[in-house]
Participant: 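Just passing along the structure, written as structure tokens.
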Protein chains: 2
Amino acid sequence: MSNITEIAKRAKVSRTTVSRVLNNHPYVKKEKRESVLRAIEELNYVPNMSAINLSKGKTNVFGVIVPQINHSFFSNLIEGIGKECNKHNYSLLVLQSNYDIKKELKYFDMLKNKVIDGMIVGSSIIPTNKINDLSSSGKIISCEYSASEKFPRVFVDHESGFKLAVDHLKSKGHQKIGLCLGNPKSGVGITRKKSFFNLLREYQLTWNNDWYFDERYTIYDGIKVASKLLDNPVRPTAVVVGSDQVAAGILYEVKRRGIRIPEDLALIGFDDQPIAKVLDLTTINQPIIELGEVAANLLYRLVNGEGIHADTKLELELVERKSV
Amino acid sequence: MSNITEIAKRAKVSRTTVSRVLNNHPYVKKEKRESVLRAIEELNYVPNMSAINLSKGKTNVFGVIVPQINHSFFSNLIEGIGKECNKHNYSLLVLQSNYDIKKELKYFDMLKNKVIDGMIVGSSIIPTNKINDLSSSGKIISCEYSASEKFPRVFVDHESGFKLAVDHLKSKGHQKIGLCLGNPKSGVGITRKKSFFNLLREYQLTWNNDWYFDERYTIYDGIKVASKLLDNPVRPTAVVVGSDQVAAGILYEVKRRGIRIPEDLALIGFDDQPIAKVLDLTTINQPIIELGEVAANLLYRLVNGEGIHADTKLELELVERKSV
DNA sequence: CTGAAAGCGCTAACAG
DNA sequence: CTGTTAGCGCTTTCAG
């Protein structure tokens, strides 16, 4: 494999000139440039990135830490990050931790080691006090709301997501709105529940404890929820459901009983999963790919010396279909 | 950031000795070793990988080319590759091509550029004649059956997978079987198509060109396929579908129209995705994570000079549920 | 516009 | 066991 010296010899110029041509510098006489280009062609020359990296002190590689890859949130996040990296000619090292703290720490060393120019933390379990030290390792962006404030974060605004749903129902005249959640104790669950009941109070909506369900995760759970809902003489006119799967189950059972959607019961799901599209379910979508893109863009700007905001919130979006 | 020279000075030894300590060479006097270790500690020294890479002529990084990441096949593949890389202390560069041939070629340059020590091709659309040239670029493993024989391949035995599906249908008495594929020009697509039509001939099954569909990827596509299928007076009694997503769409629409599954139409999907479980869809499962692991393992051995078999086949398995 | 020279930080053959 | 020396391949002043 040829190197810059051979090119220089063959083109009868100095290595410096070759380097200039390679880096598209101005101020190289046309003939010399062409001569170099010819030599490059003839010798089938390819630059050695390790040498360039060493010389320039950077690698044009970003890393992203995720516990696993085959998980819809993370694979979408990586997709977004990858896209944005592509735009700026960065490569992406995918660092899979399985939530193993040792691995995570090893990955952060890559910043110091100059393996990567910057790191995006998809999710990490390194405790806050330790992670603060890490911030000196290099440029870091976190995608977790709960992350240390030591480095810039970008995350989805779950609170406003529920507001979006309730506001939409309210605007359609609904005053009796039920709620169906997944795990009420998870971070997202707590936020959602709190957010919903705040709105309930604020808007002075009618409420009935029979309209609340949690620990519902599957289509089948949805079917059972629908039964309970319909067998109760006092019904809400709409239900906010924390998952499209569950909403699909509710929708299925409700329709099976000949009750019309949205006229008799309106339904709003979460996540815009494929099934929501099929069932024409109105839902709230989290822009995960965009989350990745924004994170990578911020990192790019950070690495290239631009100032960036400490926190970036992404809004969720209402996908209007036919269940409301 | 300190370097090896500073360590050497502080520890009052030569840079070579420092390097030896760093690389765990034997034959370093205990005191010197400790002295070096102390200096490293005190100066907070971290090796610079670019320099090591340049010097050693390798990077301990593998690359994997995939069209996209947020796709169950590829995210599982990457998951498997990542796991195996972790074992051998390799990092993984995820190269997203969107099936853009220029990008793919650029990625292959990374081999020559010494950015990566080896490449795993998840899927690629570079034509065979061109890809043959590539084989001189470096160590390559392909996960596509259709790939050039110039480099070792590891793949799921799609041929036998389709045989599994068709045999199963045939054993249930089906003689009119339709086919619905994704990208018919991808490696997998070509193989599947060929395999299917070979079986068709071999088993002398009835065939009708209206029973063939391709470029179908989503649930939504599935719904449209179902419409076409049902609106046609001449129907197959079963359909082999290259993706559970699409099969789910078909199943949904078929049921919506009051047609029974499997009595009126049998359906067999591919990939055993979660939705297949929910819908009780009979499907063919591919060991994709294992595929990734095997590919990475082969590449590792290839890069480290071990001889490996040219081709490795992984068997698929039939997951029997209620759609056949 | 061009080239000489001094790195970037680390490894490894060789001689002792 | 240890140090000297010569690279690895490219970039970047600096002086002309």
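Computed from a prediction, not measured in an experiment: that's the story for all the values here. Labels below follow one simple rule: chain letters A, B, ... track the order of the sequence lines, proteins then strands, and each chain is numbered from 1.
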Participant: Write down the distance between CG (A:N23) and C1' (D:dC10), rounded to a whole number of angstrom.
Facilitator: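 Rounding to the nearest Å, CG of A:N23 and C1' of D:dC10 are 9 Å apart.
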Participant: Could you check how far NE2 of A:H25 sits from C1' of D:dT13, rounded to whole Å?
Facilitator: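 Distance, rounded to whole Å: 12 Å.
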Participant: Which letter, B, S or -, goes with each nucleotide of nucleotides 1-8 of chain C from 5' to 3', with contact meaning a protein heavy atom under 4.0 Å?
Facilitator: BBBBBBBB
Participant: Rounded at 0.5 Å granularity, tell me how far OG in B:S142 sits from CG in B:D311.
Facilitator: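 Answer for the OG-CG pair, B:S142 versus B:D311, is 9.5 Å.
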Participant: Please report the distance, rounded to the nearest Å, between NZ in A:K9 and P in D:dC10.
Facilitator: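 My rounded result for the distance is 13 Å.
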Participant: Parallel under 30°, tilted from 30 to 60°, perpendicular over 60°: which one fits the rings of B:F73 and B:H71?
Facilitator: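 It falls in the perpendicular class, over 60°.
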Participant: Quick one: bend of the helix from C:dC1-D:dG16 to C:dG16-D:dC1 from 5 pairs per end, to 10°?
Facilitator: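 Axis-to-axis angle, ends of the helix: 30°.
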Participant: Which pairs of donor and acceptor atoms, one on a side chain in residues 18-29 of chain B, lie under 3.5 Å apart (sequence neighbours left out)?
Facilitator:
residue: B:S19; atom: OG; partner: B:N23; partner atom: ND2; Å: 3.4
residue: B:N23; atom: ND2; partner: B:S19; partner atom: O; Å: 2.8

Participant: For the pair made of CD1 in B:I40 and P in C:dG9, what is the distance, rounded to whole Å?
Facilitator: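 For the pair B:I40 CD1 and C:dG9 P, the rounded distance is 16 Å.
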Participant: Are B:V64 and B:L92 close enough that some pair of their side-chain heavy atoms sits under 4.5 Å apart?
Facilitator: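 SC-SC contact between B:V64 and B:L92 confirmed.
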Participant: Any salt bridge (charged side-chain N to carboxylate O under 4.0 Å, His left out) involving residues 75-102 of chain A? Give me the pairs, sequence neighbours left out, ordered by first then second residue.
Facilitator: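 Passing the test, one end in residues 75-102 of chain A: A:E84-A:K87.
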Participant: Among residues two or more places apart or on two chains, list those pairs meeting ring pair (Phe, Tyr, Trp, His ring centres under 6.0 Å) that have a residue in residues 41-70 of chain A.
Facilitator: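 Qualifying pairs, neighbours excluded: A:F62-A:Y90.
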Participant: Please check the phosphate of D:dC10 (OP1 and OP2 only) for any side-chain N or O of A:N53 closer than 4.0 Å.
Facilitator: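 It does not, given that no N or O in the side chain of A:N53 lies less than 4.0 Å from OP1 or OP2 of D:dC10.
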Participant: Taking NZ from B:K58 and P from C:dC10, how many angstroms apart are they, rounded to a whole number?
Facilitator: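 Rounded to whole Å, this separation is 17 Å.
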Participant: Whole angstroms only, please: what is the CD1-C1' distance between B:I7 and C:dT11?
Facilitator: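 Rounded to the whole Å, the gap is 16 Å.
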Participant: What's the spacing between A:I65 CD1 and A:I120 CD1 if we round to 0.5 Å?
Facilitator: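 Atom-to-atom, A:I65:CD1 and A:I120:CD1 are 11.0 Å apart.
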Participant: Which residues pass the side chain to side chain contact (heavy atoms under 4.5 Å, CB included) test with B:E159, not counting sequence neighbours?
Facilitator: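 Partners of B:E159 under the side chain to side chain contact (heavy atoms under 4.5 Å, CB included) test: B:Y145, B:D157, B:S195.
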